[in-house]
Amino acid sequence: MEQLVIKGNVRLKGEVFISGAKNAALAILPATILANDVCVIENVPCVRDIQVLLQSMEQLGVLIEYIDEHKVRVDTRNIKNLKVDYDYIKKIRASYYLLGALLGKYKEAEVALPGGCNIGSRPIDQHIKGFEALGANVKVQHGIIEASADKLVGTNVFLDMVTVGATINIMLAAVLAEGTTVIENAAKEPHIVDVANFLNSMGAEIKGAGTDVIRINGVKDLHGTEYMIIPDQIETGTYMIAGAITGGDVTVTNVIPKHMEAISAKLTEMGVIIEEYDESIRVIANEPLKNIHVKTLPYPGFPTDMQPQMTAILSKTPGTSIMTESIFENRFSYTDELNRMGANIKVEGNTAVIEGVKQLTGAEVAAPDLRAGAGLILAALAAKGETVITGVEYIDRGYEHLEKKLTGIGANIFRVKEKADKSMFKVV
Ligand code: EPZ
């Protein structure tokens, strides 16, 4: 098992280049199946979830060729298998997009029920409701979802709650359906727009992505395309907070500042100086910071995927801050780990009451999921002494070249193979 060793309390300074959006890539790569052609996708992040997804696509008969580290040629002309094994699915939740893409193209798919980060119960009833509304028969048995249809016909789907996954999956299933599909109460996240733009570049007719009503006019065929994925909103936000929590001066580059508004606004409210440029944001800490209240909401609200990182900085911000989680029910399990680092956080239901402490201190902590892991890393960067973080495999799901990027702005962070190896590294 690998661990990250961080010696904190160092002011971070410099530039971080942000990678492509993991959650956009996790949908765009399966969407290539709809073209039955060759697509070249650029700005694909080099993270574990993508590697697992690409392996599961190869198992279907898709030919994957890396042109360079972030540019992938995907040839979906020889798909021979419409079943996705549990071995792949249990590792990543987004494999459910293979269901929408295979159903949309071949009117048949079999995918094991998804796994993913442990952040609460994660039903997919809205995905199933959408597929059924389009005319598919969907059966869930023995942990497998089977979907099939003679044909898919456009229809109106009103989502019971704002869900990113169901919005994208219904788009995937509807682009080749007969007639028009309208998704109401759709999610508006930047990667929904990116997936719609990608599908349109293959010849789809999707309008309204980024609003809560998406209209999809079904087309007969799609074709291959070249497409560049947008930058990762959550990776950007994580490095912005890395600058702010260490009293530093960090510029994130290759970003879309508009996507960062909710995060920039909250940091500004805390007193952090945010300078926005065309494709970069400079974050200058301006201590002491002010306590704030935050509630996670669907986009354009404050993202749930930034909740642990924000809680980390609030844990060392003077005064009482309140964090309310409104998307997932089990996303505060990491607060016990922060408390082991000297934080003072009490969780009741979906609310965390955070009493800011003067100084966090290094400890041995375990990351329970991807974003919680990011929150613990941020706390460790600001903490006095050494922190050892286990559960690195979760963090690797979504952060490309983490140590390299953090070292580039002055952090002391090392990856060690096993606990025993730690003594081999003297962190200065
Ligand atoms: C996506 O998950 C992201 N994953 C998550 O990112 C992110 O936390 C989440 O959206 C919210 O922004 C990917 O894009 C691969 P949802 P998703 O459907 O699509 C409920 C990360 O760290 N719901 O928007 O699975 C659900 O339980 C990850 O990168 C239903 O009840 O989330 C939740 O309360 C983790 N029925 C809410 O909706 C459904 O059929 C929003 O979930 C679907 C969802």
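Note that the structure is a prediction, hence the values are computed from the model and not measured. First listed ligand is number 1; within each ligand, the first listed atom is number 1.
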(Q) Less than 4.0 angstrom from a charged side-chain N to a carboxylate O is my criterion; do Arg415 and Asp396 meet it? (A) yes
Q | Salt bridge Asp369-Arg397, side-chain N to carboxylate O under 4.0 Å | A | no
Q | Side chain, backbone, both or neither: the part of Arg371 lying under 4.0 Å from ligand 1 by heavy atom | A | side chain
Taking distance alone, with N or O pairs closer than 3.5 Å, would you say [X] contacts ligand 1?
X	value
Leu370	no
Glu189	no
Ile327	yes
Leu26	no

(Q) Tell me the nearest of Ile234, Val164, Asp125 to atom 24 (O) of ligand 1, using heavy-atom distances. (A) Val164
Q: Just go through Leu53, Asp305, Val47 and tell me whose heavy atom is the nearest to atom 6 (O) of ligand 1.
A: Asp305
Without placing hydrogens or testing angles, list every side-chain donor-acceptor pair under 3.5 Å for residues 23-46, not counting sequence neighbours.
unit_1: Thr32; atom_1: OG1; unit_2: Leu29; atom_2: O; d: 2.5
unit_1: Asp37; atom_1: OD2; unit_2: Gly224; atom_2: N; d: 2.8
unit_1: Asn43; atom_1: ND2; unit_2: Ile229; atom_2: O; d: 2.8

Q: Show which atoms of ligand 1 fall inside a sub-4.0 Å distance from at least one heavy-atom site of Tyr96.
A: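 Those qualifying, in numeric order: 17 (P), 19 (O), 25 (O).
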Q) Counting from 1, what ligand 1 atoms have a heavy atom of Gln126 closer than 4.0 Å? A)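 Going through ligand 1 atom by atom, the ones under 4.0 Å from Gln126 are 36 (N), 39 (C), 40 (O).
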Is [X] close enough to touch ligand 1? Criterion: a residue heavy atom under 4.0 Å from a ligand atom.
X	value
Tyr394	no
Lys22	yes
Arg331	yes
Pro123	yes

Q: Please test Glu269 against Lys266 for salt bridge (Lys or Arg N to Asp or Glu O under 4.0 Å), starting from the C-alpha separation and ending with a verdict.
A: CA-CA 5 Å; Glu269 198 181 322; Lys266 279 296 168 192; 2.9 Å; yes
Q) Where the side chain of Asp212 meets the backbone of Ala186, is there a donor-acceptor pair that is under 3.5 Å apart? A)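 Not at all, since once roles are kept as given, no pair shorter than 3.5 Å links the two residues.
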Q) Where do Leu12 and Ala411 come nearest, in terms of heavy atoms and distance? A)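 What the structure gives for the nearest pair is CD2-N, 3.5 Å.
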Do any side-chain atoms of residues 338-348 form donor-acceptor pairs under 3.5 angstrom with protein atoms, and if so which ones, sequence neighbours left out?
unit_1: Asn339; atom_1: OD1; unit_2: Ile345; atom_2: N; d: 3.0
unit_1: Asn339; atom_1: ND2; unit_2: Ile345; atom_2: O; d: 3.0
unit_1: Arg340; atom_1: NH1; unit_2: Glu364; atom_2: O; d: 2.2

